[in-house]
Amino acid sequence: MSTATESPVESHEAAHEEGHDHPSDRRYIQVAVILAIVTALEVGTYFVHMPGEVLIPMLMAMMIYKFFYVAAWFMHLRFDSPLFTKFFVSGLVLATIVYGITLTVFEFWHKG
Amino acid sequence: MSDVTELETPGGSIGVYTRPKANTGWRDWITTVDHKKIGILYGATAMFFFAIGGLEALLIRLQLATPDGTVLGADTYNRVFTMHGVTMVFLVIMPLAAAFANYLLPLQIGARDVAFPRMNALSFWIFLAGGLFLNMAWIVGDAPDGGWFAYAPNTGMIFSPGKGMDYYAIGLQITGIASLISAMNLIVTVLNMRAPGMTLFKMPVFTWMILVVQFLLLFAVPVITVALFLLLFDRNFGANFFNPEMGADPLLWQHLFWIFGHPEVYILILPSFGIISEVIPTFSRKPLFGYPFMVFSGIAIGFMGWGVWAHHMFVSGIGPISVAAFSVSTMFIAVPTGVKILNWLATMWGGRIRFNTPMLFASGVVSMFTIGGLSGVTHSLAPADTQQTDTYYIVAHFHYVIFGGALLGIFAGFYFWWPKVFGHLLDEKWGKWNFWLMIVGFNMTFGPMHILGLQGMSRRIDSYSPGFGFEFWNMFASIGAFIIAVGVVVFMVNVVISARRARTAPPVGLDPWDARSPEWFSPNPTPAHNFDEDIQINSLDEFWHRKYGEDEDGRVVRVATAEEVCQDGSATDTHLPSPSYWPVVLAAGLPFVGFGLMYTLWFCVPGGALVLMAIYGWIFEPVDDPDGPHGHGGHGDEPTEDPPSEERADDASAETTEEAPVG
Amino acid sequence: MRPPRPLRRPPLADTAAVSHGHGTGTGLSDNKLLMWVFLGSECLLFGGLISTYLIYRSRFGDGPAPGDIFDIPFTSVSSFVLLMSSLTMVLALSALQRGDIRNNRIWLLTTALLGSLFIGGQVYEFTTFVREGLGYSTSPFSSAFFTLTGFHGVHVSLGILMLMSLLISSLRGTLTTERSETVEIVGLYWHFVDVVWIFIFTVIYLVPSPTS
């Protein structure tokens, strides 16, 4: 019943209309290489001693980068309808706010 | 999806993967994917549970009518009030709202069905499975006894050793799946299936409120899913989430529960707000005052509902900063609610009001909910709340909100849309008796509870000693409860009498209420295919605007009769999604899995097998029954113009493989 | 949260234009929208489990502490495996969109295998932990840890099941370019599970945990 299932021709046309094509395999591999490098950096921090105030923001930054990089390229949010992004981000933001407050009430950040 | 089966079965359908054909009798009801029938199923089932929950309420009031009551023992009393709460919240109000949403939402947006008709059937059957599972606890004699919010560790194995709380946890888990599926389905329906011209801000307010509720469900259900899993693992697999001896924090349950629980109260009330926002303009013969404010305040309530949960926990020791913060947010949420009440009043203001039964119930909601809302604001003041917590004051408050707000609104909806669903009106005289008995009984029951609570009577106690000054108001409240029961019986009688009378009486006509919103474009009762053709929506209250125009002096005059405006329902070339066996099969598997978790894992085997069978049956079943009415299925011999095999838009049963197992 | 307004298609099935489902209200496929809506909901599920873990990670009682028991190099390898399975998943989709059935099958199978490898790693990790004295009932920390990673593991396993179903479908010749959206939707689920693990790997494993 879906666009792609029912009428591949039209759906492809639609894709072109929006002016986006899916990226090439080459591009996907480049993305994966970047992800691998960031992961290596992340794991690298385990072997280097660093104070928490430096380490944790670094780790968080790399994690967020990877998170959104996968979402943007592999989950096609870069090319797809912004509505999908909105759904996903609203879930993420709501979860962050609600559970952030909960962790605050449990004084999680003080101990950390 | 279609392609799966087409390619699987080039020559048509094979073996078990044919689709059911029955259009009549019980088989039709079991396999139907028609949103209207599913709506009726939801409503009927919920009314059945309403009777159970009501009996439980009467038992509670019998026990408390006199001091040192002996009707129920303390243990049974705990079970009865727990099941009363759980039943009324999860098995009555939520499914009644789902009944209206299912029936009306596609009609109000001018669609022929929801986006995923089979999933729609699935959510109903899962809800039924969950409800029956929960009430099975009575049959095994071990009903849950931890209160509807089931505070751990009170509900852990040590303090609740029986199976009761497992029935609670698994039963709610199952109904939660149903809510989640239906939420996803309705969101996609609203976004993708509106009539041409119907922008979001031309949607009827009822549809808007249902949309907000579906978002609340979408995001709140997973939270209670987590909480219930943790409780279940604690009880059955020796986890330590709520075991203080091992260093766990009992507050965790309270937070998770109320993060879900507060959006949940808006899930209960917003559908009713939507209903009366349709009823009040119709019977005041005025457009809804401040439609955008109504919509935005609904969204605001939905959004702010996420930031107030800890006001249920002011005495749980969450610390002064948290208490202050949540106090403030709780006061704020009264603002959008107040906006709504003012808008309803302004809608009525200066209108030529007809006090038919739906309008009576709707004005009941406005007044009773205002009382409940105001007593709610008193809880936001933490010092006052400290006095009120766990007293009958709280019981009074939430019954004013949930009974006086949600349930009365649903009754308004019954009377208002009965002709739409069944093709005849409910009797007005009985309806008015119904209303006055309920409203008087309701105020007699719950009004005095404010006093009892402030006098210090705790909620959830099974008896009280004479001499505290509780006797009079308790007896008074119990009498009120039985008056409510009479009111409900009057409603049932009304249903029967009206149905019987309708057999001989002339049909109700197209537009019994001089209504405003697009669901009335189709005849009454709604034909299976809803609409003969698309409705072009140009404005909010499209139906009304086609009936009325302005003369040269700017006065509103009737320009068309309902007969001229409505469709006659005569279309025959429409194609409807075929029924399916699999939703009911899938749902039937879940209680077995539940029993398996509680008793012996072996039960999970047949349960899991049923679920798996249903999922694969679901995926591989032919998208359409080629022999069915108006079937196309590539036969190509249809004389009609509608192109064969292209009719699947509404057979959006089109499930993807992947949703089924996880969703 | 508010979706866009465009409304290009009439919603009823009467006309040919409608019956396709192209030109849905948002112009988006119902199925894909459903999956995204579902993923939005899943954020709250994993958020709850992760928060539970974070609240309990220092409550290990007499049992092993997270900082003592985690094997970062091992988990890094299995995290890397899962990350790469996202690449193979997207390559499977891209092959199918080109009509390259053969490569589609190869990449689907690879993805399923990498997923299984990850699950295997998790089973190994769990058994090691149990051997080292970290049972499910040992402490709030252990319960929260096993529940969180277990839920994630169940999600991966369901993903593997879906991939295998797709593969069977492909071998029976029914997974064609026209149905690439099905692969895309399974892919969305798969990548989501991967993204959740990216979060878990950093926040639960790499951020220094309490030690006893």
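In what follows, chains carry the letters A, B, and so on, assigned in the order in which the sequence lines appear, proteins first and then strands, with residues in each chain numbered from 1.
In terms of non-hydrogen atom pairs under 4.5 Å with chain B, the most contact-rich of C:Gly61, C:Gly40, C:Ser41 is C:Ser41. For chain B, the option among C:Leu188, C:Val154, C:Leu33, C:Asp62 with the highest count of heavy-atom pairs below 4.5 Å is C:Leu33.
How far CZ of B:Arg194 is from OG1 of C:Thr26: 8.5 Å, rounded to the nearest 0.5 Å. Between the CG atom in C:Leu161 and the CG atom in B:Leu612 there is a gap of 7.5 Å [rounded to 0.5 Å]. How far CG of C:Asp30 is from OG1 of B:Thr189: 7.5 Å, rounded to the nearest 0.5 Å. In this structure, C:Leu34 CG and B:Asn185 CG are separated by 7.5 Å, a value rounded to the nearest 0.5 Å. Of the inter-residue distances, the one linking B:Ile259 atom CD1 with C:Ser51 atom OG reads 7.5 Å to the nearest 0.5 angstrom.
Legend: residues meeting side chain to side chain contact (heavy atoms under 4.5 Å, CB included) with C:Leu113, ordered by chain and number and at least two apart, are C:Leu109.
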Side-chain donor-acceptor distances from residues 224-232 of chain B under 3.5 Å, at least two apart:
from: B:Thr225; atom 1: OG1; to: B:Val221; atom 2: O; distance (Å): 2.8

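Legend: ring pair (Phe, Tyr, Trp, His ring centres under 6.0 Å) pairs involving residues 165-185 of chain C, not counting sequence neighbours: none detected.
Side-chain contact check for B:Asn240 versus C:Arg59: every heavy-atom pair is 4.5 Å or farther apart. Side-chain contact between C:Thr52 and B:Leu256 is present, with heavy atoms from C-beta onward closer than 4.5 Å.
Contacts between B:Leu252 and chain C at a heavy-atom distance below 4.5 Å involve the side chain alone, from C-beta outward. Only the side chain of C:Phe151 comes within less than 4.5 Å of a heavy atom of chain B; its backbone N, CA, C and O stay farther away. Interface remark: B:Asp249 contributes backbone and side-chain atoms alike to the contact with chain C (heavy atom separation under 4.5 Å).
Close approach to chain B, defined as a heavy atom under 4.5 Å from one of its heavy atoms, is seen in C:Tyr136, C:Ser137, C:Thr138, C:Ser139, C:Pro140 of residues 131-141 of chain C, taken by number.
Partner of C:Ser143 under the side chain to side chain contact (heavy atoms under 4.5 Å, CB included) criterion, out of B:Phe241, B:Phe233, B:Phe237: B:Phe241 alone.
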